[in-house]
Asks: 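Structure incoming, see below.
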Number of protein chains: 2
Amino acid sequence: MELVQIYQCLCDVTRLRLLNLLGQGPLCVCHFQTVLKEPQVKISKHLGYLKARGLVEAKREGNWMIYQLVSKASPELKANLACLQDCVREQAIFKADLARLRKADLSCSPIKADGQPVPRGRRCC
Amino acid sequence: MELVQIYQCLCDVTRLRLLNLLGQGPLCVCHFQTVLKEPQVKISKHLGYLKARGLVEAKREGNWMIYQLVSKASPELKANLACLQDCVREQAIFKADLARLRKADLSCSPIKADGQPVPRGRRCC
DNA sequence: TGATTATATTCCTTTATAGGAATGTATTTG
DNA sequence: CAAATACATTCCTATAAAGGAATATAATCA
């Protein structure tokens with residue numbers, strides 16, 4: 001993947017917020033909606049953008065799509081994601097997002113802490 | 001400066017090439033033209049773009065405009081420029097640019113090695 | 001002062017991107 | 001199967017950006 005494409009993915013606030021959250025682990029679309037408080041189209045499109053350019057990957061989990069950072073990232077991508085995490089650490093919007101993520105009910109997501117099988121088919125968000 | 005603005009500056013190859021060269025020190029516009037082999041408008045516009053967003057600064061030196069990376073860069077900018085330098089080290093285009101830079105006659109630029117006063121008013125490129 | 005050199009700006013065209021409304025698709029539940 | 005839930009896609013509009021041709025500006029030289 002080209003370096004420029006990485007930067008193209010990083011030059012939108014919504015996408016930075018998505019990537020920031022994904023730094024914590026896999027998430028489903030509705031949780032992004034809940035945390036970012038942005039409309040579904042917006043979230044979905046930006047996730048599609050990131051996926052098309054190989055920054056994230058998605059798998060279907062029952063009714064939900066679970067997104068995560070690509071498992072086999074290039075050195076350039078790794079470096080830039082690390083740099084991003086570092087830059088973002090002090091910034092209000094991103095800290096607030098992480099705070100809301102922690103408070104959110106993630107019961108439909110595979111990142112559930114207790115390791116229980118994910119309860120499927122119930123209302124999520 | 002916003003983090004997103006930094007990434008906006010980085011999402012174009014020409015600008016990455018400019019920044020890569022500026023990592024070596026200040027340069028005048030005509031040297032960018034020589035090294036990148038791109039038309040003057042293109043170079044000038046991208047430098048203007050970088051300047052408008054605070055990644056580079058420029059000063060007039062007689063007939064020439066000397067561009068350099070901003071002296072007082074934010075932590076985010078520093079981090080990302082360092083990351084860029086790192087990512088770019090192995091890539092063909094950027095290595096080739098640096099090679100051409102080394103071979104170029106930089107007599108009209110303040111980065112002249114021997115510290116002599118810059119000869120002004122002569123033909124540069 | 002007029003010519004030359006270096007650089008910036010304006011104008012125009014093309015393409016990319018963001019955002020939202022509406023609609024489509026997949027999956028699960030009852 | 002019908003309804004509900006989660007998500008994607010299409011269509012449209014507005015705005016930004018890239019690139020080039022032509023022109024303008026600034027400084028220097030002869």
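We name chains A, B, ... by the order of the sequence lines, and we start the count at 1 in each one.
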Asks: Looking at dC7(D), dA8(D), dT5(C), which one has an atom nearest to any side-chain atom of Asn63(B)?
Replies: dT5(C)
Asks: In Å, rounded to the nearest 0.5 Å, how long is the span from CG of Leu47(B) to CE of Met65(B)?
Replies: 9.5 Å
Asks: With no hydrogens and no angle check, just 3.5 Å: does a side-chain donor-acceptor pair link Glu38(B) and Gln33(B)?
Replies: no
Asks: Can you check the Leu47(B) CG to dA8(C) C1' distance for me, whole Å?
Replies: 11 Å
Asks: For the residue pair Ser71(A) and Glu57(A), establish whether any side-chain heavy-atom pair is separated by less than 4.5 Å.
Replies: yes
Asks: Between the protein and nucleotides 22-24 of chain C, which nitrogen or oxygen pairs come in under 3.5 angstrom?
Replies:
none

Asks: Distance check needed: dT7(C) P versus Lys59(B) NZ, whole Å only.
Replies: 14 Å
Asks: With a 3.5 Å cut-off and sequence neighbours excluded, list the donor-acceptor pairs that the side chains of residues 6-19 of chain B form with protein atoms.
Replies:
residue, atom, partner, partner atom, Å
Tyr7(B), OH, Asn80(B), OD1, 3.4
Asp12(B), OD1, Thr14(B), N, 2.9
Asp12(B), OD1, Arg15(B), N, 3.2
Arg15(B), NE, Cys9(B), O, 3.0
Arg15(B), NH1, His46(B), ND1, 3.1
Arg15(B), NH2, Gln8(B), O, 3.1
Arg17(B), NE, Asp97(B), OD2, 2.7
Arg17(B), NH2, Asp97(B), OD1, 2.9

Asks: To the nearest Å, how far apart are Trp64(B) CH2 and dT5(C) P?
Replies: 12 Å
Asks: Per the side-chain contact (heavy atoms from CB on, under 4.5 Å) rule, which among Ile43(B), Leu27(B), Val29(B) passes with Tyr67(B)?
Replies: Val29(B)
Asks: Quick one: list whatever passes side chain to side chain contact (heavy atoms under 4.5 Å, CB included) with Arg102(A), sequence neighbours left out.
Replies: Leu98(A), Ala99(A)
Asks: What is the distance, to the nearest angstrom, from the CD atom on Gln33(B) to the P atom on dG20(D)?
Replies: 12 Å
Asks: Quickly work out the Lys42(A) NZ to dT9(D) C1' distance and round it to whole Å.
Replies: 18 Å
Asks: Within the structure shown, what part of the strands sits under 4.0 Å from Phe32(A) by heavy-atom distance: base, sugar-phosphate, or nothing?
Replies: nothing
Asks: Given atom OH of Tyr67(B) and atom C1' of dT7(C), what is their separation to the nearest angstrom?
Replies: 8 Å
Asks: Please list, pair by pair, any protein nitrogen or oxygen found under 3.5 Å from a nitrogen or oxygen in nucleotides 11-17 of chain D.
Replies:
residue, atom, partner, partner atom, Å
dA17(D), OP1, Tyr49(B), OH, 3.4

Asks: Both Ser44(B) and Cys11(A) contact DNA chain C. Taking the nearest nucleotide for each, which residue is further toward the 5' end?
Replies: Ser44(B)
Asks: Could you work out, with salt bridge (Lys or Arg N to Asp or Glu O under 4.0 Å) as the rule, every residue matching Arg89(A), not counting sequence neighbours?
Replies: Asp86(A)
Asks: Answer yes or no: is there a side-chain heavy-atom contact under 4.5 Å between Val70(A) and Leu55(A)?
Replies: no
Asks: Counting side-chain heavy atoms from CB outward, which of dC7(D), dA8(C), dT27(C) is closest to Val29(B)?
Replies: dA8(C)
Asks: Run the side chain to side chain contact (heavy atoms under 4.5 Å, CB included) test against Ala52(A) and tell me which residues pass, sequence neighbours left out.
Replies: none
Asks: For DNA chain C, whose closest nucleotide is more 5', that of Ala58(B) or that of Thr14(A)?
Replies: Ala58(B)
